[in-house]
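The structure appears right after this line, and notes come after that.
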Amino acid sequence: MEYLSMLLRFCVFGGLLPYLLGGFITKRVEETQSFPMNRVLNGYIVMWAVVQLVAVPMVYMKRSFGEMYAVCGVIFALIVIGQLVSEGKTFLPEWRGYTHRFKERGFWYGVLILFMILQAIYVGISYQVNDDDAFYVASAQTTLDTNTLFMIDPYTGDPFSSFPARYVLSPFPLFMALLSRLVGVKATVMAHTLLPMVLILLVYAVYTLWAKELFGENYKAQTIFMFFVMVVLAFSDFSTHARGMMMFPRIWQGKAVLATILLPLVLLLGMRMIHRQLKGTEWFYMVVVMLACCQVSSMGIILAAIELGICGLLAATHQKNIRLLLYTIICCIPNLIYAGIYVMIR
């Protein structure tokens with residue numbers, strides 16, 4: 001019963017909550033109805049962006065984790081209430097639409113979904129560990145145990161001898177601590193058992209967006225593409241830096257989330273920017289994604305800005321519209337601010 005209760009709480013706070021939060025973005029960005037995992041993907045992006053905006057100032061002000069948890073909880077609650085009010089009557093028709101779209105894609109798409117779920121379950125029950133967990137997962141658990149924000153060294157249990165500048169601007173352990181508090185489990189359980197299962201599915205959610213972008217409404221081509229992606233990722237144990245190695249053995253780490261979920265998504269947004277005019281809501285979505293990149297890893301502060309900047313330059317050249325480059329720079333302002341802060345505190 002204890003395990004069942006834990007899984008139920010995670011389904012609520014790790015599945016339903018992101019699904020509702022994701023409607024705030026998905027309804028305003030996607031031109032056609034998406035699948036549930038696309039909404040969950042956008043929900044996690046919203047959560048990462050909110051934690052980034054709330055946690056970083058609180059770390060500098062030396063506030064408690066409880067205060068950060070309360071502020072983030074209020075923001076999440078307000079977004080969810082807004083979504084329930086705005087789309088409460090459309091939930092049932094939308095889920096009927098999901099069923100119809102699954103049937104459109106045929107038997108092999110169902111097999112594909114089954115393989116994705118089996119991979120997610122395998123990663124969740126195999127309990128993989130990594131040397132970096134000694135800091136990142138331990139930081140999340142230290143945050144829960146001490147009610148502090150990056151004030152206690154997880155290696156020693158003593159206060160930090162110097163300000164941990166490398167980590168505070170990308171406080172992914174604080175997100176993990178927040179989700180652990182919501183679900184009511186230890187950070188180690190969240191990192192090694194629960195969170196990896198949903199993050200694996202988010203990786204494939206990004207590639208389903210790529211499949212749609214590349215092949216339009218050709219469902220057979222989309223399915224073949226996704227099978228190809230699955231095989232490549234599953235058999236990429238040839239290098240510690242391969243995408244599949246970042247995905248399966250260490251998906252719960254911020255740098256792996258950046259490499260397998262957010263950077264491919266940034267590239268997809270950049271590709272859309274090159275080939276067509278974006279709506280105002282899509283530019284806003286791009287800012288939220290860039291904030292999420294900053295949250296999960298310090299590498300995301302620079303790499304995401306470089307990737308989007310190159311796409312912006314190509315879009316401005318291709319469409320002969322210099323304003324696209326200006327809009328891209330505006331989207332990268334969060335990255336530029338955090339990069340500037342990092343230079344100053346180092």
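In this structure, the side chains of Leu291 and Tyr338 come closer than 4.5 Å at one or more pairs of heavy atoms. Using a 4.5 Å heavy-atom threshold, the side chains of Gln83 and Leu21 count as separate. At least one side-chain heavy atom of Leu182 sits under 4.5 Å from a side-chain heavy atom of Tyr69. Put simply, the side chain of Tyr19 reaches to within 4.5 Å of the side chain of Pro36, judged on heavy atoms.
Residues passing the salt bridge (Lys or Arg N to Asp or Glu O under 4.0 Å) test with Arg63 are Glu67, sequence neighbours excluded. Here Phe76 pairs with nothing under the ring pair (Phe, Tyr, Trp, His ring centres under 6.0 Å) rule; sequence neighbours left out.
With Gln52 contributing its side chain and Leu169 its backbone, the two residues share a donor-acceptor pair below 3.5 Å. Under the 3.5 Å distance criterion, the side-chain polar atoms of Glu282 are matched with a main-chain donor or acceptor of Lys279. At least one donor-acceptor pair under 3.5 Å links the side chain of Ser170 to the backbone N or O of Cys294. With Asn42 contributing its side chain and Ile25 its backbone, the two residues share no donor-acceptor pair below 3.5 Å. For Asn147 (side chain) and Gly66 (main-chain N/O), a donor-acceptor pair under 3.5 Å exists by modelled atom type. Distance alone, capped at 3.5 Å, is enough to place a donor-acceptor pair between the Gln222 side chain and the Gly216 backbone.
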Apply side-chain hydrogen bond (donor to acceptor under 3.5 Å, both in side chains) to the pair Gln119 and Tyr204, showing each step before the final yes or no.
-> CA-CA 11 Å; Gln119 282 189 352; Tyr204 287 121; 2.4 Å; yes
Should Met273 and Leu314 be marked as a side-chain contact (heavy atoms from CB on, under 4.5 Å) after you check the CA-CA gap, both sets of side-chain angles, and the distance that decides it?
-> CA-CA 9 Å; Met273 177 172 55; Leu314 291 173; over 6 Å; no
Under 3.5 Å, sequence neighbours excluded: what are the donor-acceptor pairs made by side chains of residues 136-145?
| unit_1 | atom_1 | unit_2 | atom_2 | d |
| --- | --- | --- | --- | --- |
| Ser139 | OG | Phe135 | O | 2.7 |
| Gln141 | OE1 | Ala187 | N | 2.8 |
| Gln141 | NE2 | Asp145 | OD1 | 3.0 |
| Gln141 | NE2 | Asp145 | OD2 | 3.4 |
| Thr142 | OG1 | Ala138 | O | 2.7 |
| Thr143 | OG1 | Ser139 | O | 2.8 |

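Within 6.0 Å of CZ in Phe284 there are 12 or fewer heavy atoms belonging to other residues, nucleotides or ligands.
Checked against Phe215 for a ring pair (Phe, Tyr, Trp, His ring centres under 6.0 Å), the options Trp210, Phe225, Tyr207 give a single hit: Phe225.
Side-chain contact, Gln277 with Gln319: a donor N or O sits under 3.5 Å from an acceptor N or O.
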